[in-house]
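Notes to accompany the following structure.
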Amino acid sequence: MSSDAGTQTPAPGYARRITSAVNGWWFAPVPRARIAAFRVLVYVFLPLDVLLLRPWGAAHGHVAADLYRPLLIGRLLPLPTPTPTLVLVVQYGMVAMAVGLLVLIARDRAPRLQTWLGAGAFVFYLQWMVISFSYGKVDHDRFAFLVALAVLPTAGRAALRDMTPSPAAGWALRMVQVGVVATYFLAAVAKVRFGGWGWVNSTTIARAVIRRGTMFADPLLQMPWTLQLSQWFIVILEFVSPVLLFVRPKVQQYVVAFLVSFHVMTFLMIRIIFMPHVVCLAAFLPLERVLNRPNR
């Protein structure tokens, strides 16, 4: 008797259904207008980020070269050591690309040029991240934004009022969504990895309130259990965040509204907000409806 007589081989149709389901999830078509609107959000935010919100990366061009400890990607490529000239070229180069992209998107012109400018904006922003975070501090709120810059040029031509379904646009937005969820989930992993499970009962948020609290947060120092409860809530929220990728679009919209409210509340209490990450939460929203409302 054959030793594998009891082994059951999955039917080819079963494998095809799995493959179809996976492809259907990754490449679920969305209107091209949605990716166009998301491009506008991203390319409007990019100049605001590097010129107004977080311009301090430019100061690293004047830091002594021996203090430069490039991130892994900066060692693998390798990327040049920041200088004043390099920093200015990177900073204003990507701003010029973003402005050019906004003009072309608004006029629905030169899709191939849009692709090249989008790719250039991604490369320059990646260099900007290495310049900003190779001196001992790494923020995690720009991961999804960097993913967005990487995948947006792959979505092809998209006009703000083009409601044609596009699998390429669906894939690009799905990648951004995965980047958003990975930011939450890996933040929880990092808390447990470096702080242990005791992090949830520590005084992390209490220290943040003492250092940079506002009138909304300071009263909570008199009730420290509320701050520990907040830490439990944050860790649980981050660990269950992958569920957001698989719920219905309507539920996603409610969850995104809650997450945006959570980030705004955090800013009001301890003046911390992850703006690039908040921008990328828009990848879950039907942005095309804002521009294509039916006439009444």
- Task: May I ask you to decide if Leu152's main-chain N or O and Arg39's side chain share a donor-acceptor pair within less than 3.5 Å?
- Result: yes

- For atom CH2 of Trp25, decide whether the heavy atoms of other residues, nucleotides or ligands shown that lie under 6.0 angstrom number more than 12. yes

- Query: Is the backbone of Met129 close enough, under 3.5 Å, to the side chain of Arg142 for a donor and an acceptor to pair up by distance?
  - Reply: no

- Query: Would you call Arg161 and Glu288 a salt bridge, taking side-chain N to carboxylate O under 4.0 Å as the test?
  - Reply: no

- Query: Can you list the steps and then say if Val235 with Lys191 is a side chain to side chain contact (heavy atoms under 4.5 Å, CB included)?
  - Reply: CA-CA 8 Å; Val235 170; Lys191 289 179 177 68; 3.9 Å; yes

- Message: Could you work out, with side-chain hydrogen bond (donor to acceptor under 3.5 Å, both in side chains) as the rule, every residue matching Tyr43, not counting sequence neighbours?
- Response: none

- Determine yes or no for a side-chain-to-main-chain donor-acceptor pair under 3.5 angstrom, with Arg212 supplying the side chain and Arg271 the backbone. yes

- Can you find a heavy atom in the side chain of Arg34 that is under 4.5 Å from one in the side chain of Leu173? yes

- Item | Hydrophobic cluster membership, Leu72 vs Val123, 4.5 Å side-chain cutoff | no

- Answer yes or no: is there a donor N or O on one side and an acceptor on the other, between the side chain of Gln228 and the main chain of Val200, under 3.5 Å? no

- Establish whether Val151 and Trp116 are linked, either directly or via other cluster members, by ILVMFWY side-chain heavy-atom contacts under 4.5 Å. no

- Task: With side chain to side chain contact (heavy atoms under 4.5 Å, CB included) as the test, would you mind laying out the steps for Val192 and Phe239 before giving the verdict?
- Result: CA-CA 11 Å; Val192 176; Phe239 268 125; 3.9 Å; yes

- Taking the side chain as every heavy atom from C-beta outward, state whether Gln253 and Pro286 have any pair of such atoms under 4.5 Å apart. yes

- Note on the structure: Smallest heavy-atom separation, Thr154 atom then Ala172 atom, equals OG1-CB, 4.5 Å

- Side-chain contact, heavy-atom cut-off 4.5 Å: Tyr135 with Arg69? no

- CE (Met223) with more than 12 external heavy atoms under 6.0 Å: yes

- Say you draw a straight line from CH2 of Trp197 to OG of Ser202; how long is it, rounded to the nearest 0.5 Å? 13.0 Å

- Task: Could you check whether the rings of His263 and Tyr184 sit parallel, tilted or perpendicular, using 30° and 60° as the cut-offs?
- Result: parallel

- Query: Measuring from Arg157:CZ to Arg109:CZ, what's the distance to the nearest 0.5 Å?
  - Reply: 9.0 Å

- Item | Value rounded to 0.5 Å, distance of CG in Leu268 from CE in Met215 | 8.5 Å

- Is there a side-chain contact between Val209 and Ile270 (heavy atoms, below 4.5 Å)? yes

- Shortest non-hydrogen contact from Thr81 to Ala65? CG2-CB, 4.0 Å

- Message: Side chains of Val50 and Tyr125, heavy atoms from C-beta outward: is any pair under 4.5 Å?
- Response: yes

- Query: Between Thr204 and Trp199, is any side-chain donor less than 3.5 angstrom from a side-chain acceptor?
  - Reply: yes

- Query: Can you check whether Leu79's main-chain N or O pairs, donor with acceptor, with Gln127's side chain at less than 3.5 Å?
  - Reply: no

- Task: Could you tell me whether a side-chain N or O of Arg54 sits under 3.5 Å from a main-chain N or O of Leu51, the two making a donor and an acceptor?
- Result: no

- Message: Could you check whether atom CZ of Phe262 has more than 12 heavy atoms from other residues, nucleotides or ligands sitting under 6.0 Å from it?
- Response: yes

- Message: Just verifying a value: how many Å separate Trp225 CH2 and Trp232 CH2, rounded to the nearest 0.5 Å?
- Response: 15.5 Å

- Going from OH on Tyr254 to NZ on Lys250, what distance comes out if it is rounded to the nearest 0.5 angstrom? 4.5 Å

- Message: Test side chain to side chain contact (heavy atoms under 4.5 Å, CB included) on Leu46 and Met94; report intermediate values, then the result.
- Response: CA-CA 8 Å; Leu46 191 152; Met94 61 180 156; 3.8 Å; yes

- Query: What pairs with Phe122 under ring-ring contact (aromatic ring centres under 6.0 Å, His included), at least two apart in sequence or on another chain?
  - Reply: none

- Task: List the steps and the verdict of side chain to side chain contact (heavy atoms under 4.5 Å, CB included) for Leu160 and Asp108.
- Result: CA-CA 8 Å; Leu160 289 170; Asp108 190 23; over 6 Å; no

- Does the pair Phe145 and His277 meet the rule for a ring-ring contact (aromatic ring centres under 6.0 Å, His included), with working shown? CA-CA 6 Å; Phe145 191 76; His277 182 82; over 10 Å; no

- Item | Co-membership, hydrophobic cluster, residues Phe246 and Leu259, 4.5 Å side-chain | yes

- Checking Arg32 side chain against Met163 main chain: does a donor-acceptor pair fall under 3.5 Å? no

- Can you tell if the side chain of Val178 reaches within under 4.5 Å of the side chain of Trp26, non-hydrogen atoms only? yes

- Message: Quick check for you: to the nearest 0.5 Å, what is the distance between Ile234 atom CD1 and Thr266 atom OG1?
- Response: 6.5 Å

- Task: Please name the pair of heavy atoms, one in Val130 and one in Leu71, separated by the smallest distance, quoted to 0.1 Å.
- Result: CA-CD1, 4.3 Å

- Task: Compare every heavy atom of Ser166 with every heavy atom of Ala155, then report the nearest pair and how far apart it is.
- Result: O-OG, 4.4 Å

- Distance-minimising heavy-atom pair for Ser261 and Ala257: OG-O, 2.8 Å

- Note on the structure: Of all heavy-atom pairs linking Ala58 and Val87, the shortest is CA-CG1, 3.3 Å

- Message: Membership question, hydrophobic clusters at under 4.5 Å side-chain separation (ILVMFWY): are Ile236 and Val243 in the same one?
- Response: no

- Distance-only, no hydrogens or angles: does the Ser134 side chain make a donor-acceptor pair with backbone N or O of Ile131 under 3.5 Å? no

- What orientation do Trp171 and Phe27 show, parallel under 30°, tilted 30 to 60°, or perpendicular over 60°? parallel

- Could you tell me whether Tyr68 atom OH has more than 12 heavy atoms of other residues or ligands within 6.0 Å of it? yes

- Within a strict 4.5 Å, meaning less than it, do heavy atoms of the Leu41 and Leu287 side chains meet? yes

- Query: For the residue pair Phe258 and Phe233, does the interplanar ring angle fall in the parallel (under 30°), tilted (30 to 60°) or perpendicular (over 60°) class?
  - Reply: perpendicular

- Task: Give a yes or no on whether Val189 and Val138 share a hydrophobic cluster (residues Ile, Leu, Val, Met, Phe, Trp, Tyr; joining criterion: side-chain heavy atoms under 4.5 Å apart).
- Result: no

- Message: If you define the side chain from C-beta out and look only at heavy atoms, does anything of Asp139 sit under 4.5 Å from Phe274?
- Response: no

- Is the side chain of Thr83 donor-acceptor paired with the backbone N or O of Leu86 at a distance under 3.5 Å, no angle test? yes

- Query: Within the side chain of Gln177, is there an N or O that forms a donor-acceptor pair under 3.5 Å with the backbone of Leu245?
  - Reply: no

